[in-house]
Amino acid sequence: MKVIECRVLTKRFGRTKALNNLSFDIVENTITGLVGRNGAGKTTLLKIMAGYLQKTEGEIKAWGEDPFNNLQFSANMIFIDDNMPMPQTLSLMEILDWGSKFYNNWDMDIARGLLDYFSLAPGQFHQYLSRGLKSTFNVILGIAARCPLTLLDEPTTGMDAAVRKDFYRALLKDYLQHPRTIIVSSHLLNEIQDILEEVLLIREGAKCLHMSISDLKEYGIGLLGRREVLEKIVEGEEILHREELGEGTCYYVVRNTLKDQKIKEAKLAGVEIKAVTAEDLCVYLTAGKKGGIDSVFNEK
Amino acid sequence: MTVSSTKNSLLETVKKQYMFKLRLYINLFISLIVVQVIAILFSSGGVGSHGTSTGNINFFEKTFSSDIIIVFSLMWAFFAAVLLTTRDYRDMDFVFIGNRVSSNISNMVFLATASLVAGFTAVLGGVLPRVILYYSLGPHHILSDNYFLSLGDLSLAVLATFLYLILICALGYFCGMLVQLSKAFVVIIPALFFGTLITASAREEAHLVDYVFNFFVEESSLSLFLVKVIFTAAVLFGSSLLMSNRLEVRK
Amino acid sequence: MIGFQIVNILIILIFIGLFILFIKHAGQYIQTRVRLSWLLGAYLAVLIISFLLLNIIPQEEILARDRVGEEELEIAARAERDFYSALEEGWLDQLEGVYKLGSWDFELEEEEEWLLIRNGDETHLPFTVIIDREGDPGRIQAHYYVTRTIFRQVDVTPELEPPHVSFEGNRLIVEESEWQEFEVASFQREFVVRQFSPGKPGVQEQVQPGERVTSVEGARIHSTTGDVSVFGEQALYLKVPEDIQVGHSGFPGQVRFMEDLPR
């Protein structure tokens with residue numbers, strides 16, 4: 001069953017287009033990673049999905065209804081980000097208590113356990129926490145709410161590496177016990193790819209690709225060798241990335257649709273065949289300009 | 001997990017948000033106390049005095065009233081209502097479940113509750129100096145007129161103060177919402193208000209602020225006053241609700 | 001005018017600014033929830049207790065639970081008007097509303113031929129001394145009479161104090177009692193309620209001054225803001241033996257001898 005259906009969704013802020021003709025579906029009980037570079041529109045998309053922002057054009061439906069300003073939808077969704085407003089007059093424990101009053105599926109045991117595990121004192125106040133601890137508390141809220149739709153916008157901002165690992169593990173465990181639809185946004189894919197099932201990659205407000213993580217891992221193939229040789233091989237292939245390494249050596253990334261025979265030829269010609277990680281692939285796909293950062297220096 | 005597993009009616013959400021706000025905005029009540037205590041201190045010295053002497057006796061009369069406390073509470077109500085429309089306070093409603101209608105309604109119910117509390121404490125705040133005077137000045141020096149406050153007097157005073165507070169809250173909420181729509185109103189509203197005051201008083205003629213003011217202050221029938229206040233507050237709150245529909249839910 | 005207005009508005013604006021800042025940040029720095037709600041509870045408790053206290057304090061003692069009525073006011077005014085003539089014509093006991101606040105009885109030394117009445121203070125005494133030579137031989141009797149003083153319809157006569165009178169040798173020394181401050185507290189209803197009850201006494205202060213004074217001709221009744229005051233007359237009445245010489249100092253124009261008065 002589709003939880004979210006998005007059709008040619010566009011969002012404008014004044015003259016700038018934050019989202020551009022976005023179409024995708026999110027299926028029930030999956031963890032989807034929303035990946036894109038800074039300013040690609042991840043937060044805008046999540047806030048539209050959360051019903052906070054109004055779409056400009058197109059259509060977005062959550063469980064068949066427009067999420068914007070929708071009370072019914074709001075009861076089934078929680079949106080967590082690192083600058084969510086938090087009560088200044090309530091201690092952490094009180095905030096959790098109120099969470100349990102608002103959300104029907106709230107799991108207080110998990111909330112308390114996580115609070116304890118991450119060494120957050122229940123009597124503390126949110127505004128006096130460090131940035132990382134604020135994020136930690138926010139995601140505890142997100143996990144404990146057990147909402148059918150959980151949206152996490154850059155949830156690990158400010159957390160240290162150990163806490164990040166623990167958090168993703170906790171999220172995955174809780175998800176396995178209580179399956180629900182989770183969308184996590186991040187600009188770092190490798191951090192979240194272990195828990196993801198789906199990846200939605202966006203670039204400048206438009207969809208780049210949307211597929212399962214296993215498909216993404218085999219989406220591209222890297223070829224390293226002499227330029228003249230490679231240029232012949234990649235002819236007619238979909239080139240995702242090209243990099244000059246100097247002294248006539250070149251690195252190409254192409255769609256993994258090369259025929260076996262071509263690969264054999266390439267190997268014979270001394271071309272190294274490399275696997276491309278999902279992380280790298282995302283970087284190549286969302287690169288602003290062909291040639292990457294090097295081009296800035298090479299043009300001088 | 002499906003949608004049907006969690007059905008939340010508007011009423012239920014408003015109720016939850018209202019309870020949440022009572023707890024969350026406790027700082028507003030604290031500021032009310034401070035404002036009222038300052039006003040009580042101001043008014044405990046008396047608001048007016050005049051003396052006459054004959055022979056070797058100086059007769060000195062001090063007048064006491066709790067008007068300052070009520071005026072301060074009214075100012076508090078205005079700014080508290082404005083504060084509820086600001087981004088930080090509005091966003092807080094969407095940490096948990098809610099939509100704009102529920103958020104606005106729970107704000108209004110909260111403001112009504114706050115008005116009731118403020119009205120009650122403002123009127124009783126005027127009682128405290130009287131009791132202190134009984135012991136400091138002595139009962140022989142107290143003119144009994146208006147000194148005592150029966151339960152009936154108290155209820156009437158609380159009701160009247162409450163109605164004024166509601167009115168001011170509605171006005172504050174309306175102004176706050178205008179400002180949220182466009183920051184230009186931060187300048188426009190005070191400029192209009194003081195502008196009409198200055199120009200009209202320079203020409204020494206009645207002005208709009210006067211008319212509006214007299215519409216309420218010169219109403220001598222309580223029931224008519226009640227109708228006027230409820231009607232005006234409903235219009236102001238209603239238009240605030242409509243205006244808030246032009247805002248994004250949360251940024 | 002406009003400059004004054006602008007200064008006023010500036011002050012209001014500054015005040016409002018402080019107000020907003022305060023409301024916005026109040027409670028933010030106060031830490032625990034416990035303290036906040038305790039503060040709230042304590043405030044409410046104090047207010048409710050003060051309301052209860054107001055309703056259980058002994059009301060009889062409150063000044064002017066029963067204010068002096070119209071009739072009494074007229075009596076007081078008439079007493080004030082007729083005080084001296086009654087005193088001098090000897091029918092004071094028939095005049096209503098006269099009080100004797102002090103009496104002194106001194107024995108004269110034998111065969112004393114003269115008596116000096118001296119003002120023991122530097123100040124002007126606020127009453128007249130009336131000397132009656134029809135007293136008993138060998139004694140001086142002094143009485144201090146006042147008519148009622150009613151301030152804001154409250155009879156404050158009991159609060160008045162007589163002068164100090166003492167006798168040394170052949171000097172009668174009269175000293176003023178201490179300067180008395182008589183402070184009263186009056187209360188207004190809240191302005192939010194005033195508008196609903198016009199015409200109630202003490203609620204709206206728009207009674208025309210002097211409106212009800214006319215009933216006693218020639219009397220001085222002071223009416224301020226709807227409440228009526230009558231300030232009484234006072235006199236020290238001395239009965240001295242017939243054959244004694246009486247002199248006085250410090251009472252410019254305030255000593256009168258009964259026999260000098262036209263009968």
Side-chain angles (χ1 to χ4, degrees), chain B residues 26-31 33-34 46 50 52 54-67 70 75-76 79-80 83 121 123-128 130-131 133-134 137 139-149 154 156-157 160-161 164 194 198 201-202 217-220 222 225, chain C residues 1-2 5 9 19-20 22-24 26-28 30 33 36-37 39-40 43-44 46-48 50-51 53-55 57-59 61-65 126-127 149 151-152 154 160 176-177 179-193 195-196 198 201-203 222 229 231 234:
Chain B
I26 195 160
N27 56 338
L28 287 181
F29 287 108
I30 300 301
S31 66
I33 293 180
V34 176
H50 68 268
T52 343
T54 174
N56 60 340
I57 306 169
N58 188 25
F59 293 100
F60 190 70
E61 182 191 343
K62 262 190 185 171
T63 312
F64 293 85
S65 107
S66 44
D67 288 358
I70 293 174
M75 287 180 67
W76 170 84
F79 294 116
L83 213 57
T121 52
V123 174
L124 283 188
V127 169
L128 186 62
R130 299 185 205 188
V131 176
L133 276 172
Y134 182 88
L137 201 60
H140 293 297
H141 299 265
I142 285 165
L143 293 177
S144 59
D145 274 344
N146 303 320
Y147 176 75
F148 294 103
L149 193 71
L154 175 76
L156 177 67
T161 314
Y164 269 107
F194 289 114
I198 291 176
S201 68
V217 169
E218 289 189 348
E219 179 54 65
S220 61
L222 182 63
F225 182 74
Chain C
M1 181 69 194
I2 290 186
Q5 284 267 346
I9 287 169
F19 215 83
I20 297 173
F22 170 71
I23 291 180
K24 210 169 170 182
Q28 196 170 318
I30 310 172
R33 176 186 72 102
L36 288 179
S37 29
L39 198 62
L40 252 171
Y43 182 65
L44 278 175
V46 165
L47 292 181
I48 290 169
S50 65
F51 177 71
L53 271 178
L54 187 77
N55 282 289
I57 48 178
Q59 303 194 354
E61 288 184 47
I62 297 283
L63 186 62
R65 280 299 286 154
F127 50 84
T149 290
F151 177 64
R152 305 274 267 118
V154 175
L160 302 178
E176 196 181 23
S177 59
W179 177 262
Q180 274 174 267
E181 279 279 341
F182 190 75
E183 194 183 331
V184 294
S186 64
F187 299 89
Q188 283 180 353
R189 288 226 73 175
E190 300 81 7
F191 75 96
V192 292
V193 177
Q195 74 187 82
F196 301 119
V203 171
H222 307 263
S229 304
F231 297 108
Q234 50 266 187

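Here is how names work: the chains are called A, B, and so on, in the same order as the sequence lines, proteins then strands, and each is numbered from 1.
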Colleague: Would you sort out whether B:Leu128 and C:Val46 count as a side chain to side chain contact (heavy atoms under 4.5 Å, CB included), showing the intermediate values?
Modeller: CA-CA 8 Å; B:Leu128 186 62; C:Val46 165; 4.0 Å; yes
Colleague: Does any heavy atom of chain C fall under 4.5 Å from the side chain of B:Tyr147, the backbone, both, or neither of them?
Modeller: both
Colleague: Chain C: which of B:Phe59, B:Phe60, B:Phe225 shares the most heavy-atom pairs with it under 4.5 Å?
Modeller: B:Phe59
Colleague: Side chain, backbone, both or neither: which part of C:Ile48 has an atom under 4.5 Å from a heavy atom of chain B?
Modeller: both
Colleague: Check whether C:Tyr43 gets within reach of chain B through its side chain, its backbone, both or neither, counting any heavy atom under 4.5 Å.
Modeller: side chain
Colleague: Are the side chains of B:Tyr164 and B:Val217 in contact, using a 4.5 Å heavy-atom criterion?
Modeller: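 Yes, their side chains come closer than 4.5 Å.
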Colleague: Quick one: does B:Trp76's side chain have a donor or acceptor within less than 3.5 Å of a partner on B:Leu28's backbone?
Modeller: yes
Colleague: Can B:Val127 and C:Leu47 be said to form a side chain to side chain contact (heavy atoms under 4.5 Å, CB included), step by step?
Modeller: CA-CA 8 Å; B:Val127 169; C:Leu47 292 181; over 6 Å; no
Colleague: Pick from B:Leu154, B:Leu149, B:Leu133: which one has the most heavy-atom pairs with chain C under 4.5 Å?
Modeller: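 Heavy-atom pairs under 4.5 Å are most numerous for B:Leu149.
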Colleague: Verify side chain to side chain contact (heavy atoms under 4.5 Å, CB included) between B:Lys62 and C:Val184, making sure each step is shown before the conclusion.
Modeller: CA-CA 6 Å; B:Lys62 262 190 185 171; C:Val184 294; over 6 Å; no
Colleague: Can you say whether B:Leu222 sits under 4.5 Å from chain C via the side chain, the backbone, both, or neither, judging by heavy atoms?
Modeller: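 B:Leu222 touches chain C through backbone and side-chain heavy atoms alike.
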